[in-house]
Amino acid sequence: MTELLKISLPDGSVREMPEGSTPADVAAAIGPGLAKAAIAAKVDGELRDIGRPFEGDAELALVTNRDEDEALELARHDFAHVLAEAVQALWPGTQITFGPATEDGFYYDVMAPADRAPFGMEDLPAIEEKMREIIKADKPLCREAWSRQALIDKWKADGESFKAEWAAELPEGEELTVYWSGAPNEEGSWMDMCRGPHLPSTGKLDPQAFKLMRVAGAYWRGDQANAQLTRIYGTGWLNKKQLNQHLMRLEEAAKRDHRKLGREMDLFHLQEEAHGSVFWHPQGYKIWRELESYMRRKMDGGGYREIKTPQVMDARQWEQSGHWGKYRENMFVIPDEVPNTEDEGPVISGEADWMALKPMNCPAHVIVFKQGITSYRDLPIRLGEMGCCHRNEPHGALHGLMRVRQFTQDDAHIFCTEDQVVEETRKFCELADSVYKDFGFKYEIKLALRPEQRFGSDADWDKAEEELRNAVKEAGMATEEFGWEELPGEGAFYAPKLEWHLTDAIGRTWQVGTIQSDRVLPERLDATYIGEDGGKHRPVMLHRAIFGSYERFIGILIEHFAGKVPVWLAPTQAVVAPIVSDIDDYAGEVLAKLEAAGIRASADLRNEKINYKVREHSLKKVPHLLVVGKREQEEGTVAIRTLGEKDQRVMPLDEALAMLTEEATAPDLR
RNA sequence: GCUGCUGUAGCUCAGUGGUAGAGCGCGUCAUUGGUAAUGACGAGGCCGGGAGUUCAAUUCUCCCUAGCAGCACCA
């Protein structure tokens, strides 16, 4: 007599099933609709194949496409397998390696056979077509347990050297599994090593819900020393509608691209001769100046004192700070000599001492701190600088304003006693909060904990991590609302750090603000203060920034607002546009009043139709267009057309001025 | 830095082994038009840089450089 298994379902009911039965059998027993919809199972909380037999009594929850997170994960993983199968079907001899689900899709790293070039964009349509065939064939996905040795032998026999290498490294004794697409060992079936779980068959995928996006190079195991593979990226969803929504989001991101908007709005440009450094145009620099004034007010109000330190310092200084040893490959160095310019020069002797452009402001701030004698009564000392730094970034890393080689930070260093660390950190949390709120950003705070490679004792790390954690708790921000999370291994080598991640209008996140407590640099540069006991003590140094860098923050603002930055930041806040040239004088009067009120405005007196002017200034993202015609002149009014609105509002000039003045006022001054 | 792709007018892009084209923008003229492109005419290019192949290179080959995508990097 066979034993019956007790399978408990989420509604609390219990079904008795014969031994050897599977979640699919349970689904079938409940009803044909569910049997069709079920794509996987959660058995005792673990996501599993729906066709995998129970091993005993179990709690079961059937997974359908309504369980979107699980369903997407499964579908993407399966798309990746189908992708690999398709590539091997088209080009036998292709080696497969690894293919996981990603945030919005999947990829698979493959190595083209020796007799053909790496796969390119032009191969994608054929691969997509083959993938659709595999999906439509509705091949069952069958799980099979293998021994490690058998698997290694199989991969070697198939010429799959990467897979063989990988299988050999999997822990011995663990049951290894493979999945077949099609019946095991049958002609036309395809196999991959995989932990699973998978959908019951390829036909559960929607052949219209994926798209191969691009190919890129990737290294075997992410290591440059290893073979270069071709990574084929796809985006995958549960249905065509979701796919289309995703493609539209990508389009939206492309529309917001700050490099494109920067050119269209004439904010800045980049060029070959200074790659990685920004040429700010008058319009773009107006945004910068407004941000800088804003941040100065914030920092002044927070008890910071602004300084300015040298751009170039002798290498000896960088040696002492540790940058020469740890960071030199990212530093621009220059010989400390006048080059010989005879015969085509410049020629350098190679014997001069080195100097370097500063990649960070911190050593210079310690130097300023060390001038004179500091008493504990003076602490905390908060030194701020709009510090212009140069970092010789890898060329492939450069990206518009987001990653540059010359940038200016809203930097500051707080020198304080051990006892003041938590309080200073808490204050910083509040300052950062007020800034991000002024821009309307939502953000999350993360604590990056000790990395494997680090300076200092575990006791120091325990303490430093606890201080930052407590400071955020005291600020009431270590909560779900603030996305509080601790990230093991992500800290700097000398200290843990708090990170502020902004979420932009289309859901992307950007790390901007940070605070790090540092006990290493004060030590290396021998910073001290005189304590209550009359002896020398070591201050703690807090490195902190809120914007991060002006360049990057402006890039984020452009993308977040799609160029339509708030009026107080807009380079041109209003344009006066007369309809006919008879009104030019009145337009001039209006402009004069705007300028007197401190509004950044101009008048468009060109011999163009009003349609043309509206279109042009709208494209330039000017927030307010003040249209004036005969009627407005007679009545002393303006017709305001606001960016993004179709209708205009006619109002008396004084009223318009009051409105614009209000909108043009920075949020901290309102 | 690695791999792939790209570099033609201010911008977006066509094109060709016999030194080039469009649209927008710009200039001139006409037009004075009520809320997202008025019309005509005109100017504007060392076809990223260097080398090679060729009678001839913007076009083919190689090297360099920058950009783009991804990877690696981002203390």
Side-chain angles (χ1 to χ4, degrees), chain A residues 102 107 109 117-123 213-233 254 257 259-260 263-264 266 269-276 321-323 325-331 359-360 362 391-400 402-405 407 448 451 453-455 490-495 497 511 514 516 518 520-521 543 548-549 552 577-584 605-620 625-632 639-650:
Chain A
T102 62
Y107 67 81
D109 286 348
F119 302 110
M121 291 294 285
E122 65 283 358
D123 297 314
M213 303 298 283
R214 63 179 79 92
V215 293
Y219 301 101
W220 170 235
R221 306 177 147 214
D223 187 338
Q224 285 193 25
N226 291 338
Q228 169 102 24
L229 309 168
T230 305
R231 177 168 295 179
I232 302 175
Y233 277 94
D257 190 314
R259 294 164 299 184
K260 176 173 169 281
R263 196 166 43 241
E264 288 172 4
D266 194 17
H269 85 273
L270 297 153
Q271 71 179 47
E272 200 170 323
E273 289 75 7
H275 68 107
S321 69
H323 289 82
K326 279 267 177 199
Y327 205 70
R328 189 167 18 157
E329 63 183 30
N330 284 303
M331 289 165 72
M360 301 176 204
C362 31
R391 293 183 190 175
N392 199 347
E393 300 283 0
H395 291 193
L398 301 176
H399 179 89
M402 302 303 191
R403 190 82 177 269
V404 288
R405 303 210 296 180
F407 55 91
Q453 300 274 325
R454 57 180 184 263
F455 285 164
E490 304 262 316
F493 69 89
Y494 54 82
K497 58 180 182 180
Q511 198 217 301
T514 183
Q516 305 156 22
D518 181 7
V520 174
L521 199 60
H543 305 243
S549 90
R552 191 170 127 94
I579 289 169
V580 294
S581 54
D582 288 349
I583 312 298
D584 285 1
L605 306 183
R606 292 175 305 172
N607 177 12
E608 297 291 352
K609 289 189 168 179
I610 196 63
N611 283 314
Y612 185 91
K613 294 181 183 179
V614 166
R615 177 182 156 80
E616 182 159 298
H617 298 298
S618 298
L619 290 173
K620 296 274 188 200
L625 196 58
L626 276 52
V627 177
V628 289
K630 211 169 179 183
R631 277 206 300 278
E632 285 75 15
I640 297 192
R641 184 185 166 117
T642 296
L643 188 59
E645 292 173 18
K646 279 197 186 116
D647 300 324
Q648 65 271 21
R649 288 168 291 167
V650 178

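A, B, ... follow the sequence lines: proteins, then strands. Residue 1 opens every chain.
At a threshold of 4.0 angstrom between heavy atoms, the contacts of A:L625 with the nucleic acid are absent. Counting non-hydrogen atoms under 4.0 angstrom, A:E608 reaches a base of the nucleic acid. In this structure, A:H323 reaches neither bases nor backbone, as no heavy-atom distance under 4.0 Å exists between it and the strands shown. A:Y327 comes within 4.0 angstrom of a base, heavy atoms only. Across all strands shown, A:A639 has heavy atoms under 4.0 Å from base atoms, whether or not it also approaches the sugar-phosphate. Here A:E632 lies in heavy-atom contact (under 4.0 Å) with a base. If you check every strand for non-hydrogen atoms under 4.0 Å, A:K630 touches a base. Residue A:I610 is classed as a sugar-phosphate contact, given heavy-atom separations below 4.0 Å to backbone atoms only. Contacts of A:K326 with the nucleic acid, taken as non-hydrogen atoms under 4.0 Å apart, are absent.
Nucleotide B:G34 has no partner under the Watson-Crick or G-U criteria, as no pair reaches both atom distances under 3.5 Å. Base pairing analysis places B:C71 opposite B:G1; the two distances defining the Watson-Crick or G-U wobble pair are each below 3.5 Å. Pair check for B:C55 finds B:G18; Watson-Crick or G-U wobble, both atom distances under 3.5 Å. In a base pair of the Watson-Crick type (N1 to N3 plus N6-O4 or O6-N4) or a G-U wobble (N1-O2 and O6-N3), with each distance short of 3.5 Å, B:C62 is matched with B:G50. Base pairing analysis places B:G45 opposite nothing; no Watson-Crick or G-U wobble pair with both distances below 3.5 Å involves it. Pairing for B:G10 goes to B:C24, judged as Watson-Crick or G-U wobble with the two contacts each under 3.5 Å.
Mapping A:G644 and A:A492 onto RNA chain B via the closest heavy atom, the residue that lands nearer the 5' end is A:G644. If you find the closest nucleotide of RNA chain B to A:D257 and to A:E329, the one lying nearer the 5' end belongs to A:D257.
In terms of heavy atoms, A:C362 sits closest to A:L521 at CB-CD2, 3.8 Å. Taking each heavy atom of A:K620 and A:E264 in turn, the nearest pair found is NZ-O, 3.1 Å. Pairing each heavy atom of A:P578 with each of A:I610, the nearest pair is O-CD1, 4.4 Å.
Side-chain N or O atoms of A:R649 include none that pairs as donor or acceptor with a backbone N or O of A:I640 at under 3.5 Å. A donor-acceptor pair under 3.5 Å is formed between the side chain of A:E632 and the backbone N or O of A:G629.
For the pair A:R263 and B:U12, the criterion of a side-chain N or O lying under 4.0 Å from OP1 or OP2 is met. In this structure, A:Y612 reaches the B:G25 phosphate: one of its side-chain N or O atoms is under 4.0 Å from OP1 or OP2. At the phosphate of B:A36, neither OP1 nor OP2 sits under 4.0 Å from any side-chain N or O atom of A:H617. Regarding contacts with the backbone of B:G10, every side-chain N or O of A:H269 stays at 4.0 angstrom or more from both OP1 and OP2. Distances shown here put every side-chain N or O of A:N611 at or beyond 4.0 Å from the OP1 or OP2 atom of B:U35. Between A:R641 and B:A36 there is a side-chain N or O to OP1 or OP2 distance below 4.0 Å. Phosphate proximity of B:C71 to A:Y233: present, with a side-chain N or O under 4.0 Å from OP1 or OP2. Regarding contacts with the backbone of B:U65, every side-chain N or O of A:H275 stays at 4.0 angstrom or more from both OP1 and OP2.
Taking atom CD of A:E273 as the reference point, atom P of B:A66 lies 10 Å away to the nearest angstrom. A:Q271 has its CD atom 16 Å from the P atom of B:G48, to the nearest Å. Distance NE2 (A:H399) to P (B:C73): 18 Å, rounded to an integer number of Å. One atom, CG of A:D266, and another, C1' of B:C26, lie 14 Å apart when rounded to the nearest Å. Here the C1' atom of nucleotide B:G1 and the CG atom of A:N330 are 11 Å apart, to the nearest Å. The distance from atom CZ of A:R403 to atom P of B:C71 is 13 Å, rounded to the nearest whole Å. If you measure from atom CD1 of A:I232 to atom C1' of B:A69, you get 15 Å, rounded to the nearest angstrom. In this structure, A:L619 atom CG and B:A37 atom P are separated by 10 Å, rounded to whole Å.
Rounded to whole Å, the P atom of B:C64 lies 10 Å from the corresponding atom of B:U3. Across B:A72 and B:A66, the matching P atoms stand 22 Å from one another, rounded to whole Å. Between the C1' atoms of B:G4 and B:C11, the separation comes to 26 Å (whole Å). Nucleotides B:A9 and B:G49, compared at atom P, are 11 Å apart to the nearest Å. On the C1' atoms, B:G27 is 34 Å away from B:C68, given to the nearest whole Å. Distance noted for atom C1' between B:U19 and B:U58: 8 Å (whole Å). Nucleotides B:G39 and B:U32 are separated by 15 Å at their P atoms, to the nearest Å. When the P atom is used for both B:G48 and B:A57, the distance is 15 Å, rounded to whole Å.
Candidate nucleotides B:A36, B:G33, B:U65 were compared by shortest atom distance to the side chain of A:E272, and B:U65 ranks first. Listed candidates were B:A36, B:A66, B:G67. Nearest to the side chain of A:H395 is B:A66. Of all nucleotides listed (B:A36, B:G67, B:G33), B:G67 comes nearest to the side chain of A:L398. Side-chain atoms of A:R606 lie closest to B:C26 of the nucleotides B:U35, B:C26, B:G33. Distances were taken from every side-chain heavy atom of A:K609 (C-beta onward) to each of B:U32, B:U38, B:A36; the shortest belongs to B:U38.
Under the 30°/60° scheme for interplanar angles, the aromatic rings of A:Y107 and A:Y233 are found to be tilted.
Atom CD of A:E329 sits in a sparse spot, with 12 or fewer heavy atoms from other residues, nucleotides or ligands closer than 6.0 Å. Applying the 6.0 Å contact sphere to NZ of A:K630 captures no more than 12 heavy atoms from other residues, nucleotides or ligands.
Interface remark: the A:R231 side chain does not form any donor-acceptor pair with the B:A69 base, using a distance-only criterion of under 3.5 Å. For a distance-only test at 3.5 Å, the side chain of A:R259 fails to qualify as a donor-acceptor partner of the base of B:C68.
Looking at A:E490 and A:K497, their side chains never come closer than 4.5 Å, going by heavy atoms from C-beta outward.
A:Q648 contributes atom CD, which lies 10.0 Å from atom OG1 of A:T642 (distance to the nearest 0.5 angstrom).
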